[in-house]
Amino acid sequence: MSNLNFDTNAMGSKSVQYLIDSDPEIFGFLSDELIRQRKTLQLIASENFTSPAVLAMSGSILTNKYAEGYPKKRYYGGNRFVDEIEDIARNRATELFGAEHANVQPHSGASANLAVYQALLEPGDTILAMRLDQGGHLTHGAPASVTGKMYNFQQYGLTPRSKEGGERIDFDFLKQLATTHRPKLIVAGATAYPREIDPLPFKEIADEVGAFLMFDSAHPMGLIAAKVHPSPVELADVVTFTTHKTLRGPRGGAILCKEQFAKKIDSAVFPGLQGGPLEHIIGAKAVAFKEAQSDNFGRYGKQIKVNAAKLGETLVKEGFRLVSNGTDNHLILVDLRDFDPELDGKVAQEVLDSVGITCNRNQIPDDPRKPLITSGLRLGTAAMTTAGMKSDQMELVGNLIANTLKNRSNESELKSIKDQVLELCSKYDPYPDGNEWPGLSNFSN
Ligand code: DSN
């Protein structure tokens with residue numbers, strides 16, 4: 001059994017001792033996972049390290065409470081404190097993003113997106129969204145997703161790589177699709193797109209064809225809160241997001257909308273799609289929204305972007321090509337083919353994992369390889385920025401990635417890289433024993 005100090009900084013609750021005593025098997029794996037998060041580099045663009053306050057709320061006794069319905073309109077008794085908490089969460093979300101209405105109950109981003117489709121559309125209606133292999137999300141109409149089966153998706157993508165300033169959202173094609181298919185809803189947003197998404201051209205096209213506009217901001221919502229990314233809240237009818245990516249809250253989803261859609265959205269979430277809300281997670285969302293209101297969070301958001309730019313620049317110097325030739329958000333999409341045509345995303349992800357660099361393989365636009373293999377890697381900087389890393393460390397991380405991939409068959413070199421990763425992680429521990437949590441202390445740049 002690990003002798004790590006599971007104090008409040010790491011686990012959010014002293015009651016973890018009960019877990020150690022009652023279920024050492026599960027605790028053992030929890031302990032291993034904590035070590036993995038602390039001693040390897042986390043570069044998955046959709047992940048982050050939450051604060052001890054968010055952890056405390058997520059692991060709290062609010063998990064015991066049934067609260068079907070909404071504040072002051074519940075189907076069960078005993079909700080007076082839960083009502084206060086959910087109201088605070090909703091109010092903080094609307095204040096933080098300048099929205100008219102918030103629903104903080106969706107269990108995930110996928111649930112949030114489904115709820116919007118259910119609220120605004122009938123099965124079979126036409127939706128425009130980004131293709132999965134161009135950077136879109138499964139719930140943007142991928143054939144394997146229920147969304148692709150229930151609705152008539154017409155999908156747009158990126159401009160060709162060969163075009164000057166290519167691999168950006170192809171608004172000409174989007175407009176052509178909108179004019180031809182007259183969609184009821186246009187979805188903006190992506191999961192693997194390294195550029196800012198300007199809501200204005202989406203709004204103009206939606207207005208021209210009389211479509212609703214939904215902006216899926218799951219990835220950049222923390223950057224939007226930090227005011228280093230354009231906000232879609234004013235222009236879009238509905239904005240969906242997750243709370244655990246750049247926003248650095250608990251795992252979950254949420255929806256912002258104009259007041260005119262509030263009733264329909266709320267009914268679509270409950271009772272349309274979900275039963276009892278996860279009030280411990282809603283409480284943790286409230287805590288995260290408060291954290292995101294601080295000036296420090298603004299500086300954090302700025303540093304995420306600086307770090308992504310530096311990581312990208314370093315990888316370009318090492319011979320990699322970046323999709324769209326760069327980044328202006330928290331992520332980069334690396335095309336591995338220029339660096340080594342034989343190297344695919346699966347092999348790259350696995351060898352990086354073996355030295356303690358965690359990321360995910362990702363299709364690049366027009367990828368000749370299959371989704372389980374791919375020719376790309378997606379790397380994000382939100383988590384390691386929380387742990388306190390800045391430009392210098394990002395340069396080092398870029399060099400370590402390149403060295404790993406160059407020496408992927410050289411066991412002694414890989415061992416040496418693993419030691420360097422460990423050394424770096426020891427200086428940028430997301431949950432340091434006995435020390436202040438770095439996410440609240442390191443952004444006075
Ligand atoms: N799986 C998430 C991501 O990694 O972007 C999206 O749902």
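Computed from a predicted model, the values in this text were never measured in an experiment. In listed order, ligands and their atoms are each counted from 1.
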What are the polar N/O contacts of ligand 1 with the protein below 3.5 Å, with distances?
residue  : atom  : partner : partner atom : Å
ligand 1 : 4 (O) : Ser46   : OG           : 2.7
ligand 1 : 4 (O) : Arg378  : NH2          : 2.7
ligand 1 : 5 (O) : His219  : NE2          : 2.7
ligand 1 : 5 (O) : Arg378  : NH1          : 2.9
ligand 1 : 7 (O) : His137  : NE2          : 2.8

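- Partners of Leu120 according to the side chain to side chain contact (heavy atoms under 4.5 Å, CB included) rule, which considers only residues two or more places apart in sequence or in another chain, are Val116, Leu185, Phe212, Val238, Phe261.
- In the model, Asp216 has a side-chain atom that pairs as donor or acceptor with a side-chain atom of Asn113 under 3.5 Å.
- Of the N and O atoms on the side chains of Arg361 and Gln349, at least one donor lies less than 3.5 Å from an acceptor on the other residue.
- Residues that satisfy the side chain to side chain contact (heavy atoms under 4.5 Å, CB included) test with Phe173, not counting sequence neighbours, are Tyr156, Asp170, Gln176, Leu177.
- Not counting sequence neighbours, the partners of Ala67 by the side chain to side chain contact (heavy atoms under 4.5 Å, CB included) test are Arg74, Asn79, Val82, Pro277, Glu279.
- Looking at heavy atoms from C-beta onward, Thr386 lies in side-chain contact with Asn48 at the 4.5 angstrom threshold.
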